[in-house]
Amino acid sequence: MDDPEGGVWYGARRIFTFALMIRDGIPADRAETYLYARAWLRDAARLLGRTPGTLAAELIDAMPDSGAVVLRVGRVCAAVEYTPVRAASLRVPRPCGWPSTWR
């Protein structure tokens with residue numbers, strides 16, 4: 001509560017790192033595009049007074065310096081040891097009651 005902006009930054013870094021773990025990394029040349037499509041990034045950018053593009057670039061630039069992510073064979077990956085989710089699990093359709101896109 002003393003540092004709301006710090007909380008938003010922490011959440012954004014954490015969500016991005018978990019996404020990297022789940023997907024076993026994201027191709028480096030598509031990381032910004034991936035982030036632009038995330039509703040949480042747009043919300044975080046608004047709360048931080050930035051554009052989504054600026055926030056995406058800041059996350060991608062800052063996280064390797066912190067040691068949270070690494071570049072492996074052209075993919076941005078979480079630096080910690082993890083077990084990625086099987087690709088087939090990511091293709092399960094959303095429950096029919098969920099909206100197709102979040103705004």
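Below, each value reflects all heavy atoms present in this structure, side chains not excepted, and no hydrogens, waters or symmetry copies.
Between L35 and W40 the shortest side-chain heavy-atom distance falls below 4.5 Å.
Remark: the backbone N or O of Y34 is paired with a side-chain donor or acceptor of R38 at under 3.5 angstrom. Distance alone, capped at 3.5 Å, is enough to place a donor-acceptor pair between the R50 side chain and the L48 backbone.
Taking each heavy atom of A79 and R72 in turn, the nearest pair found is O-NH2, 3.8 Å. Closest heavy-atom contact between V76 and A28: CG2-CA, 3.8 Å. Shown here for M21 and A78, the closest heavy-atom pair between the two residues is CG-CB, 3.7 Å. Of all non-hydrogen atoms in T54 and T51, the two that sit nearest each other are OG1-OG1, 2.8 Å. Listed here is the closest heavy atom pair of G25 and C77: CA-SG, 3.9 Å.
Note on residues 18-29: no pairs pass salt bridge (Lys or Arg N to Asp or Glu O under 4.0 Å), not counting sequence neighbours.
Counting side-chain heavy-atom gaps under 4.5 Å among Ile, Leu, Val, Met, Phe, Trp and Tyr, V70 is found in no cluster with other residues.
Note that the CD1 atom of I26 and the CD atom of E32 stand 11.5 Å from one another [nearest 0.5 Å]. In this structure, CG in L55 is found 9.5 Å from CD1 in I60, a value given to the nearest 0.5 Å.
Both L71 and V69 are members of a single hydrophobic cluster when ILVMFWY side chains are connected at heavy-atom separations under 4.5 Å. Linking Ile, Leu, Val, Met, Phe, Trp and Tyr residues whenever their side-chain heavy atoms come within less than 4.5 Å leaves Y82 and V85 in two separate clusters.
R13 is linked by a side chain to side chain contact (heavy atoms under 4.5 Å, CB included) to W9, Y10, L59, M63, counting only residues two or more places apart in sequence or in another chain.
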